[in-house]
Each structure stands twice: as structure tokens, then as C-alpha cells.
J.: 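Sharing a structure with you now.
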Amino acid sequence: MATDSYKNMYLLLSIYYDRDSNRAALKFYDIEKGKIKIIKDNTGHKPYLLSDLSIEELINNQDIVKHKGFDHFEIVTKYDPLTDKKVKLTKVVARDPLSIGGVRNSIRELLKKHSWEARIKYHHCYTYDRGLIPGMLYRIENGDIKLVEYSPEKSVVEKISLVYKNEPDLIDEIKEWIKLFQTPVPDIRRIALDIEVYSPQVDRIPNPKEAKHPIIAVSLYSSDGIRKVLMLKRKNFDESELVDIDSFDIQIFESEKDLILETIKYLNEYPLVLTFNGDNFDLLYIRTRALKIGINEDLVPIEFSRDMEEARLKNTIHIDLYKFFNNRSMRIYAFGNRYQGGKTLDEISRALLGEGKVEHETPISQMTYGELALYSFRDAELTYKLTEFDDNLFIRLVLLLMRISKLSIDDLTRHNISAWIKSLMYFEHRKIGYLIPNPDELIRFKGKTTTKALIKGKKYLGAIVIDPVPGIFTNVTVVDFASLYPSVIKKWNLSYETVNCVHPECRKNRIPGTSHWVCTKRKGLTSKLIGFLRDLRVYIYKPLAKKELKPELRHQYKAVERALKVFINASYGVFGAETFPLYCPPVAECTAALGRYAIASTLKQTSELKIPVLYGDTDSLFLWNPEPEKIEMLIKWVADNLSIDLEIDKVYKWLALSERKKNYIGVYTDGEVDIKGLVGKKRNTPEFIKSLFYDIVSILQKAENIEDLEKAIEEIKILTRENYNKLKRKELSLDQLVFHVALSKPLSSYTKTTPQHVKAARQLEKLGKTIDVGDIITYVKVRSQDGVKAVQLARIDEIDQEKYVEHLKTTLVQILEALGISFDEILGSRHLEKFISGLV
DNA sequence: ACGAGTAAAAT
DNA sequence: ATTTTACT
């Protein structure tokens with residue numbers, strides 16, 4: 001792989017509908033020049049929809065032929081995955097992207113029954129029809145756009161040929177996938193931007209749709225060395241406030257118009273413009289304000305989508321990091337869930353970069369020029385650094401996710417996993433001539449679920465959680481299935497078209513635990529794709545990410561491995577989500593059922609092998625003191641009988657299980673602690689209880705064996721008493737007693753009950769504070785009618801101590817119950833009782 | 001705007 | 001008993 005030279009290469013970043021020319025357009029990144037190159041469609045490509053009405057039927061309906069946007073009909077043949085039949089369809093071709101909507105509307109009534117592929121976004125369709133893959137490298141010669149081919153390394157091809165030796169017809173296809181991952185990922189020149197706005201009301205964020213007040217600062221931080229704050233000169237300007245700042249440049253503007261015009265230069269200059277919440281604030285504000293103060297619209301390169309959700313730049317590309325870093329998949333898989341809960345730039349950058357925003361008490365509008373410059377600059381700096389940390393992980397990840405999903409950079413960074421998988425699936429459908437089913441047709445053919453969920457309101461039965469054996473155990477080995485659900489999807493040929501297929505002879509191929517069956521004649525599309533991605537991750541890129549010596553390549557493989565994980569792990573969930581256009585509950589239900597089947601049969605085998613099982617959840621089994629040979633036998637049995645990889649996940653020096661599921665504490669052989677589910681760990685727990693909890697944990701951490709644990713308990717007892725007394729003597733500050741709870745819906749929609757955090761939020765609202773969905777409400781428990789007060793309104797002497805003692809107790813009982821039980825055996829049960837009663 | 005299962009507190 | 005949140 002040649003990573004040293006990108007000569008004459010262009011990176012495809014975006015495919016979009018260009019409003020000015022009413023055609024599709026492509027945004028490439030010219031790697032050598034560090035600039036965007038825009039190419040407008042010159043192929044005369046026309047949008048279309050597919051209908052199973054015949055040409056005669058359509059002609060009889062004169063509305064369509066008379067419609068001025070209509071161009072012509074074509075006949076196409078497709079494979080219908082729902083009926084397993086070839087079908088002839090009429091392709092209704094429109095004149096241009098603008099008229100496709102009108103053409104569709106002219107036969108809307110007919111299409112409700114018969115249409116297929118009528119609701120698909122034009123630029124997605126264009127992406128496939130032109131055979132272009134966003135995120136890949138191209139050469140542009142005489143108007144021709146040619147993919148730069150990187151052949152996979154020989155060792156990689158050999159390995160994958162070995163893995164697929166029983167399915168040789170799939171080898172060519174998987175080699176195409178390898179090209180996506182072997183093509184190098186170039187760095188992209190980019191600039192982060194953040195604005196500050198004057199506001200006469202201290203607590204109000206200015207409304208960007210009105211933009212009543214001036215922009216007073218624009219901070220910029222770029223990959224090629226721009227470190228700058230543009231500032232508006234207001235009254236009382238004092239240059240001396242700025243003399244000490246030497247880590248970045250400050251440029252003072254006499255007029256706001258000049259300041260905005262200078263900002264616009266950067267928006268046109270840099271290929272990628274990064275913001276944090278620019279879709280909803282910064283870019284919207286700049287545009288509104290620019291027009292308001294009389295800048296000609298032609299000079300403003302900021303455009304909005306019709307729903308006002310997306311701020312696009314005419315000549316370059318805008319990425320809103322707020323959306324991307326708050327994407328669930330990104331948070332969980334790519335970034336190891338290191339910033340759970342937080343959504344703000346401050347919280348996210350603290351978690352990922354270890355530094356947060358500049359703390360300030362003075363409202364922005366009252367800051368000195370020096371304070372404002374420092375504050376504003378840090379925001380742009382953090383925004384940029386979110387794309388730079390971990391050796392440009394962000395850029396690598398985004399480009400690889402684009403290659404897998406076939407989405408443009410602006411679509412990818414703004415949409416969630418279901419849109420990514422939808423785009424991937426649609427692309428594959430087109431590639432192999434499959435008709436894309438309409439969601440209502442899909443449900444009609446595949447039916448509903450047949451099992452009953454344990455949780456009210458859920459659609460089908462999920463995973464098994466084995467009742468834990470309470471007590472303390474030394475030497476516990478945890479085995480788990482390597483990506484259980486994706487493995488099951490691959491192994492059992494699960495896909496929306498293969499589950500409950502039309503062939504009578506497949507009906508006997510039952511899925512255990514359900515009334516569904518799966519096709520024996522055709523390979524399922526989802527099964528094939530998820531199988532590819534899984535195999536590439538497990539057999540190729542996970543090993544390469546570890547052993548590759550060249551840092552550049554190693555970083556790329558690491559990003560490949562993580563990007564694959566994102567898709568693989570979400571592949572099951574989307575089929576059970578109504579919002580997914582290939583929603584197919586039987587697929588999700590079969591996946592979960594086969595997961596249960598896998599763990600249940602493995603459990604049976606452990607008892608054959610006489611390995612004691614202490615606990616298990618979904619895809620894991622906790623084995624007590626297992627002999628290594630027996631684990632080997634178990635792993636072999638699973639491989640032979642279930643064709644799933646069972647792996648040793650972790651080994652505990654000791655593990656304390658309570659009676660509660662998903663609730664335990666253990667110490668690994670390397671001394672690291674593992675805590676699951678205990679309230680002491682949870683985000684909403686007050687700091688004072690949390691810190692006591694962690695102090696106790698670190699005492700336990702030192703214990704090597706059961707005897708040590710006994711001594712540890714004594715220490716814990718003393719520590720707990722101390723803290724209890726602190727509470728009673730009111731030696732704690734309000735801050736340490738705060739509960740943090742997120743508001744999951746708008747305040748007005750809490751109608752059934754009024755939880756405590758809602759009470760506190762309403763108190764704040766009364767004082768004129770705006771409260772939004774997702775806000776973390778901080779409150780303390782007090783002795784009053786409501787029982788709670790927002791922390792801002794409370795005094796230390798109002799605190800309801802009893803409530804806190806209760807909370808302290810439940811937190812500690814979770815640990816002690818587990819420890820106590822084995823204590824019962826050693827010291828008798830009085831010990832624990834005395835310990836707990838001593839607390840209250 | 002990705003699934004189901006579990007725990008705990010307040011109402 | 002139900003609602004709500006946090007977590008696996």
C-alpha cells in the first residue's frame with residue numbers, strides 16, 4: 001500500500017443535489033492542493049422511480065404522461081426478494097431532479113398500492129448509478145472520474161481465501177470489500193470555528209433565527225496553523241487587556257460587517273469547516289446576521305436544508321461535531337463509552353481530550369476583551385482537537401464509515417446508524433439487481449413476532465440472564481461468544497428475505513424457540529454482508545491492528561476494526577426498530593432466539609463437563625475454578641456444534657455476586673476492579689456517596705484472598721462510620737449531596753407522575769430558566785413539601801439527612817450483601833446485621 | 001430515530 | 001402497581 005504519495009488524487013467527500021444547476025454535483029478534496037474541487041454532473045443522469053404498473057396502465061393514466069417533468073418510460077427486470085421471483089417493472093424517468101417529486105405526485109394514488117423504490121433520495125440513487133463510493137480516492141482525467149485501485153496485500157488475500165475455502169463464489173465479493181479498507185486514508189485540511197454573540201440578557205442564548213445582537217467574536221483553529229480570534233470593537237475598547245495573549249492572534253474589527261466578511265473568507269477557503277452545534281447555532285446565526293446587516297446574499301456561502309436541520313456550505317463542507325459525537329454508535333463502540341451522559345463540548349472534550357472549556361463566572365457579554373478572547377479561542381481549539389486526538393481517529397473513522405455505508409460525509413456525520421445501514425443495504429440491493437421492498441409490503445409478507453417479551457411494551461423475547469449464585473468466589477473465568485448476534489445471523493442465514501421465505505420445503509428448517517423458519521435455497525443478503533464484515537474484522541483487521549509495525553497503517557487498521565464493529569454490532573437491533581425501512585421483527589426475534597439457544601446449549605454442556613456456572617448474561621458464562629482442559633473442551637464443543645467462537649473474556653482473582661442480576665464486583669488477576677450495575681457507580685449518585693463507594697472499592701481491590709477481605713471489611717466499617725458522622729454533623733457541602741438526573745422528555749409531557757428531577761426543573765423554570773430535553777437537572781433532597789430543591793435554590797440546613805442515610809445504605813448493601821453472604825459462612829450472620837444496623 | 005432485560009426510587 | 005432513569 002502506497003501511503004506516501006497522493007499525486008493527482010482526489011478524495012470523494014460528498015455527492016449532493018446542487019440547487020443552482022438543478023443537477024447532482026460532487027465535492028472532491030484535492031489532496032495536493034488542500035482544496036475542494038466541485039464537479040457538476042455532466043452525464044445527463046435522470047432520476048426515476050420504479051412501478052409495477054405496466055406501461056399501458058401508466059399511459060392510460062394521462063396525468064403522468066402530461067406532467068411536464070415526465071421524460072420517458074423504460075422496462076427493467078429486477079429480482080423481488082419477497083416473492084423470490086423475477087419481476088418486470090416500469091421505470092418512470094423524470095426530466096431532472098427537481099421534477100421527480102411532481103412526477104411521483106401525479107400518480108401518487110396509484111403508487112400507494114404498487115410502487116417500489118419511489119421514496120429514495122436522489123443523491124443516494126445517483127451515488128449508486130455512477131458507481132461512486134464516498135470516502136474513496138479518484139483520479140480525474142478529461143472529465144472522467146476513475147477509482148484509484150489498491151490491490152490487497154497478498155497475505156490478506158491468502159488468509160481470506162482460506163477462511164472462505166468452502167464458499168469460493170464469495171471470495172471475489174469479499175476482495176472488493178478489502179479494497180475499501182486497504183485504500184489509504186489521507187488527512188484533510190480543516191478549520192474549526194466558533195462564534196460568540198452579545199446578549200443584553202445574561203441568561204438567554206440569543207435566537208439565531210432572529211440574530212438581534214452583534215457577533216462579537218469569531219475564533220478559528222486550523223490544521224495548518226491558524227490560531228486566531230476575530231473581535232468586534234465595541235465601546236470601552238481597551239487594547240491593554242489583550243497584550244498578555246501570545247498563544248494566538250487577535251484581529252480587531254471596527255465594523256461587524258467586516259468581521260463577518262473576513263469569517264466568510266475562511267468558510268470558502270477550508271475544505272472542512274468544523275463546528276460544535278453549527279447546524280443550529282453558529283452558521284445559522286452568521287447567515288441571519290449577515291443578511292440582516294445588509295451583506296448581499298450572494299456573498300454568504302451558508303445554505304440551509306428545507307427542514308433547517310443542516311447548515312451546508314456552498315463551496316466547502318461543514319461538519320457539525322455536536323451531532324456526530326452524540327451519535328449513540330460513536331459513543332458506545334468507537335470511543336469506548338468514555339463520555340456517557342454528557343452532550344456538551346465541555347463534557348465531551350473533558351472525557352476524550354482531558355481538557356474542558358475555560359471556566360467563567362462573568363457572562364459573555366460582560367467579559368473583558370481579554371477574557372472573551374481566551375474563552376472563545378478555547379472553544380475552537382477543543383472543537384478542532386476532537387478531530388485530531390488519537391492520531392486523527394475522527395478523520396479515519398469517518399472516511400471508513402463512508403466507504404462502508406456509501407454515504408457522503410455530510411450525511412454520515414449527521415445521521416444515525418439506522419441510516420448508515422439503510423444506505424449500505426440499498427446500495428447492495430442495487431448492485432445485485434434486488435428490488436428494494438416497501439416497508440409495508442415487507443411487514444405484510446413477513447408477519448409479526450411469535451414470542452412474548454418479559455418487559456411490558458416490548459415486541460419479543462430477548463436474552464437469557466442466569467440467576468447468579470450469591471457469594472464470594474475466587475478464580476472465576478468468564479467465557480463469552482465473540483459477537484454472538486452477528487455470528488448467529490451469519491451462521492443461520494438470517495435476513496429479511498430468508499426468514500419465513502415463500503418455499504414450502506423450507507418450512508421444516510425451524511428456528512428453535514419460535515414458529516419461524518429460514519430459507520435453505522438462497523443465501524440471505526444480511527447474513528452474507530454481516531458475515532463479510534464480521535470475518536474481515538475477526539480474521540484480518542483485529543490481528544493487523546495489533547501487529548502492523550508501520551504506525552500509519554496500524555492507525556488505519558485500528559480505525560477499520562472499529563468501523564466494522566459499529567456496523568456489526570448494530571446489525572441486529574435495526575431489524576427490530578420500526579424506524580428502520582427494512583424493519584422485520586421476525587429477523588430480530590430469530591436472532592435473539594438463536595442467542596438463547598446458543599447459551600442454553602452451552603450451559604447444558606458445562607454441566608456435562610461438570611464445570612460449575614455462577615452466572616451468565618446474554619452471551620457470557622461465569623465459570624468457577626474451571627480446569628483449563630475443560631474450558632478447551634467446552635470451546636471445542638461450541639465450535640463443533642454451534643460454529644460460534646467461544647472465548648475467554650476475563651479472569652477474576654475474586655468475584656462477589658449478589659442475588660441481583662447485572663450486579664457484581666470483582667478484581668481481575670492484574671488487580672483492576674470491575675464493577676457492574678451497582679448504584680455507587682451510577683452517574684446520578686451524589687458525589688459524597690460515590691466517593692465513599694470508590695474508597696471502599698479501592699480497599700477491596702487490595703484483597704488477595706478471603707482472609708484479606710475480612711480485614712478489609714473492618715477498614716470499610718470505620719470509613720463508613722466516618723462518612724455517616726460527617727453527614728449527621730452537616731460537614732458536607734451542598735455540591736457533594738447533589739443528584740444528577742437527565743430530563744428525557746419536555747417538561748410539559750410529564751403528566752402521569754412528577755418525578756423529583758421534574759419538580760426541581762419546574763422550580764427553575766418558574767425563575768425564568770429555559771429547560772430543554774436532555775438537560776441534566778441537579779437537585780438535593782430537602783425537608784419540604786416537594787422533598788427536593790434544585791441545588792441552586794437550596795441551603796445546607798434544609799437537607800433531609802434521613803433520605804441520604806437511606807441512599808447510603810442501599811449503595812453499601814449492594815457490596816456488603818455479596819461480601820456478607822460468604823461472611824455468614826465464616827463469621828455467622830450477626831456480623832452483617834450488626835454492620836448494617838450500625839449505620840442507621 | 002438500535003434491541004430486550006434488570007434494578008431502584010418515587011409516585 | 002406504574003413511571004422513570006440508568007445501566008448491562
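Order of the sequence lines sets the chain letters (A, B, ...), proteins ahead of strands, with each chain counted from 1. We use all heavy atoms of the structure for the numbers below, so side chains are in, but hydrogens, waters and symmetry mates are not. Remember, predicted model here, so these are calculated numbers, not experimental data.
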J.: Would you say the ring centroid of Phe575(A) lies under 6.0 angstrom from that of Tyr496(A)?
T.: no
J.: So, OP1 or OP2 of dA4(B): does either fall under 4.0 Å of a side-chain N or O from Lys458(A)?
T.: yes
J.: In a check of ring-ring contact (aromatic ring centres under 6.0 Å, His included) between Phe473(A) and each of Tyr615(A), Trp624(A), Phe622(A), which one passes?
T.: Trp624(A)
J.: Is it true that Glu347(A) and Arg350(A) make a salt bridge, defined as a side-chain N closer than 4.0 Å to a carboxylate O?
T.: no
J.: Distance check needed: dT8(C) P versus Ile665(A) CD1, whole Å only.
T.: 13 Å
J.: Using a cut-off of 4.0 Å on non-hydrogen atoms, how would the nucleic acid contact of Tyr460(A) be classed: base, sugar-phosphate, or nothing?
T.: sugar-phosphate
J.: Among dA4(B), dT6(B), dT3(C), which is the nearest nucleotide to the side chain of Tyr572(A)?
T.: dA4(B)
J.: Is it the case that Lys781(A) places NZ or CZ above or below the six-membered ring of Phe739(A), under 6.0 angstrom from the centre and within 45 degrees of the axis?
T.: yes
J.: Determine: side-chain N/O of His757(A) to OP1/OP2 of dT5(C), distance under 4.0 Å, yes or no.
T.: yes
J.: Of the listed nucleotides (dA4(B), dC7(C), dT3(C)), which one gets closest to any side-chain atom of Lys682(A)?
T.: dC7(C)
J.: Between dA10(B) atom P and Tyr804(A) atom OH, what is the distance in whole Å?
T.: 11 Å
J.: Categorize Lys661(A) for me: base, sugar-phosphate, or nothing, with a 4.0 angstrom heavy-atom threshold over every strand shown.
T.: sugar-phosphate
J.: Is the closest basic N to carboxylate O distance between Asp320(A) and Arg414(A) below 4.0 Å?
T.: no
J.: Heavy atoms under 4.0 Å, any strand shown: does Thr810(A) hit a base, just sugar-phosphate, or nothing?
T.: sugar-phosphate
J.: Expressed in angstrom and rounded to an integer, what is the separation of Tyr750(A) atom OH from dT2(C) atom C1'?
T.: 15 Å
J.: When all nucleic acid strands are considered with a 4.0 Å heavy-atom cut-off, which category describes Lys676(A): base, sugar-phosphate, or nothing?
T.: sugar-phosphate
J.: Scan Leu454(A) against the nucleic acid and name what it touches under 4.0 Å (heavy atoms): base, sugar-phosphate only, or nothing.
T.: sugar-phosphate
J.: Indicate, with a heavy-atom threshold strictly under 4.0 Å, whether Lys781(A) touches base, sugar-phosphate, or nothing.
T.: sugar-phosphate
J.: Rounded to the nearest Å, what distance is computed from the CZ atom of residue Phe575(A) to the C1' atom of nucleotide dA4(B)?
T.: 17 Å
J.: Would you mind reading off the distance between Lys690(A) atom NZ and dA6(C) atom C1', rounded to a whole angstrom?
T.: 11 Å
J.: Which listed nucleotide (dA4(B), dT4(C), dA7(B)) is nearest to the side chain of Asn663(A)?
T.: dA7(B)
J.: Going by modelled atom types, is there a donor-acceptor pair between the base of dT6(B) and the side chain of Lys662(A) at under 3.5 Å?
T.: no
J.: I want to check a possible cation-pi pair here: Lys745(A) against Tyr750(A), using under 6.0 Å from ring centre and within 45° of the ring axis as the test.
T.: yes
J.: Rounded to whole Å, how long is the line connecting atom CG of Leu808(A) with atom C1' of dA9(B)?
T.: 16 Å
J.: Heavy atoms only, 4.0 Å cut-off, all strands: where does Gly576(A) land among base, sugar-phosphate and nothing?
T.: sugar-phosphate
J.: For Pro470(A), does its backbone N or O pair with a side-chain atom of Glu659(A) as donor and acceptor, under 3.5 Å?
T.: no
J.: Can Lys490(A) and Asp535(A) be counted as an ion pair, charged N to O under 4.0 angstrom?
T.: yes
J.: Please check the phosphate of dT4(C) (OP1 and OP2 only) for any side-chain N or O of Ser744(A) closer than 4.0 Å.
T.: no
J.: Start at the 5' end of DNA chain C and walk down; is the nucleotide closest to Lys456(A) or to Gly677(A) reached first?
T.: Lys456(A)
J.: Rounded to whole Å, please give me the gap between NZ in Lys759(A) and P in dT5(C).
T.: 14 Å
J.: Consider side chain to side chain donor-acceptor pair (under 3.5 Å). Of Asn277(A), Asp279(A), Asn416(A), Thr413(A), which one does Lys323(A) pass it with?
T.: Asp279(A)
J.: Can you identify which nucleotide, out of dT11(B), dA7(B), dT5(C), has its nearest atom closest to the Gln756(A) side chain?
T.: dT11(B)
J.: When we call it a touch if two heavy atoms are under 4.0 Å apart, what does Phe580(A) touch: a base, just sugar-phosphate, or nothing?
T.: nothing
J.: With a non-hydrogen cut-off below 4.0 angstrom, is Ala588(A) in contact with a base, only sugar-phosphate, or nothing?
T.: nothing
J.: When you measure from every atom of DNA chain B, which of residues 407-425 of chain A have a heavy atom less than 4.0 Å away?
T.: Asn416(A), Ser418(A)
J.: Scan Thr618(A) against the nucleic acid and name what it touches under 4.0 Å (heavy atoms): base, sugar-phosphate only, or nothing.
T.: nothing
J.: Write down the distance between CZ (Arg660(A)) and C1' (dT6(B)), rounded to a whole number of angstrom.
T.: 11 Å
J.: Can you tell me which nucleotide in dA9(B), dA10(B), dG5(B) comes closest to the side chain of His807(A)?
T.: dA9(B)
